[in-house]
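Reading through the structure tokens given below for one structure.
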Amino acid sequence: MANRNDRSEQILRTAMHLFHERGFDGVGVDLIGETAGVSGPAIYRYFSGKDEILMTLLDEAIDRVLMSTGGQFDDPREELEHLVRGHVQRALEERELMSVWTRERNSIPKAYRSRLSARIKRYIDRWVDCLHACYPDQSRDVLNAAVHATHGLIDSTSMWPEKSLRTAGLDDILTGMALQGLEWLGSDTSRTTSKSRSVRQKRPSDRSA
């Protein structure tokens with residue numbers, strides 16, 4: 001891609017809006033160009049095609065999240081709240097960009113996927129490491145599932161009706177719900193559930209007719 005300038009930014013913002021509204025597969029290069037005020041072929045002066053536009057937006061989304069959640073903390077609980085609140089902030093303030101990240105990751109061609117997957121994995125691993133420091137009795141598999149569940153709660157705002165997004169104090173509501181949900185990892189219920197699951201896994205299969 002050529003250096004970013006006003007025209008390439010216009011193309012990106014237009015594509016972001018269209019991908020959010022119609023989905024990646026429902027948008028063509030000609031529509032992006034027409035909506036952005038340029039011809040379809042002119043887009044190729046800035047991007048190799050629709051795939052590169054999507055990849056650029058996904059990279060930007062990850063960059064924004066990493067900026068919001070960056071930093072080093074001595075207290076893992078403080079870090080956890082920072083991670084949750086930073087992710088919430090991006091989901092609410094940049095809803096269209098984050099919806100593209102949430103819904104269109106699997107739309108990119110295989111040539112781009114390994115790099116994108118590596119970036120996402122590093123972000124997920126940071127959450128898991130933080131949760132492990134907060135809830136050391138839980139396995140990393142359980143903590144990984146908890147991270148995805150938490151992100152699912154936060155990222156779902158991209159599909160909310162506009163009226164719900166105008167709820168006063170929504171950032172605090174989402175942050176509080178996410179943190180309270182993660183508290184389950186330290187409860188007696190979670191330890192009992194994990195122990196029961198372990199017993200079931202070791203039990204021989206029932207081979208009766």
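Values reported hereafter were calculated over all heavy atoms of this structure, with side chains retained and with hydrogens, waters and symmetry mates removed.
Between the Arg64 side chain and the Met98 main chain, no donor and acceptor come within less than 3.5 Å of each other. In this structure a side-chain-to-backbone donor-acceptor pair under 3.5 Å is present from Lys50 to Val27. Side-chain atoms of Thr157 come within 3.5 Å of backbone N or O of Ile154 as a donor-acceptor pair. Of the possible donor and acceptor atoms, none in the side chain of Thr102 sits under 3.5 Å from a partner among the backbone N and O of Ser99.
The aromatic rings of His87 and Trp127 lie perpendicular to each other, with more than 60° between the two planes, well past the 30° mark.
Applying the side chain to side chain donor-acceptor pair (under 3.5 Å) rule to pairs touching residues 108-121 yields Asp59-Arg115, Asp59-Arg119, Asp63-Arg119, Lys121-Asp125, sequence neighbours excluded.
In this structure Gln72 satisfies the side chain to side chain contact (heavy atoms under 4.5 Å, CB included) test with no other residue, sequence neighbours excluded.
Heavy-atom minimum distance, Arg126 versus Gly71: NH2-O, 3.1 Å. Between Pro76 and Cys130 the shortest heavy-atom distance is O-SG, 3.3 Å. Considering every non-hydrogen atom in both Arg22 and Leu31, the closest pair reads NH1-CD2, 3.3 Å. The two atoms that bring Ala178 and Val84 nearest to each other are CB-CG1, 3.7 Å, heavy atoms only.
Annotation: side chain of Leu97 is in contact with side chain of Glu60 (closest heavy-atom distance under 4.5 Å).
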N/O donor to acceptor pairs below 3.5 angstrom from side-chain atoms of residues 168-177, sequence neighbours left out:
residue: Asp172; atom: OD1; partner: Arg85; partner atom: NH1; Å: 2.8
residue: Thr175; atom: OG1; partner: Asp171; partner atom: O; Å: 2.8

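For Met159, the CE atom is densely surrounded, since the number of other residues' heavy atoms within 6.0 Å is greater than 12. Within 6.0 Å of CZ on Arg140 lie more than 12 heavy atoms contributed by other residues, nucleotides or ligands.
Under a hydrophobic-cluster definition in which Ile, Leu, Val, Met, Phe, Trp and Tyr are linked whenever side-chain heavy atoms come within less than 4.5 Å, directly or via other members, Val100 and Trp160 are assigned to the same cluster. Side-chain heavy atoms closer than 4.5 Å link hydrophobic residues (I, L, V, M, F, W, Y) into clusters, and following such links, possibly through other members, connects Tyr44 to Leu18.
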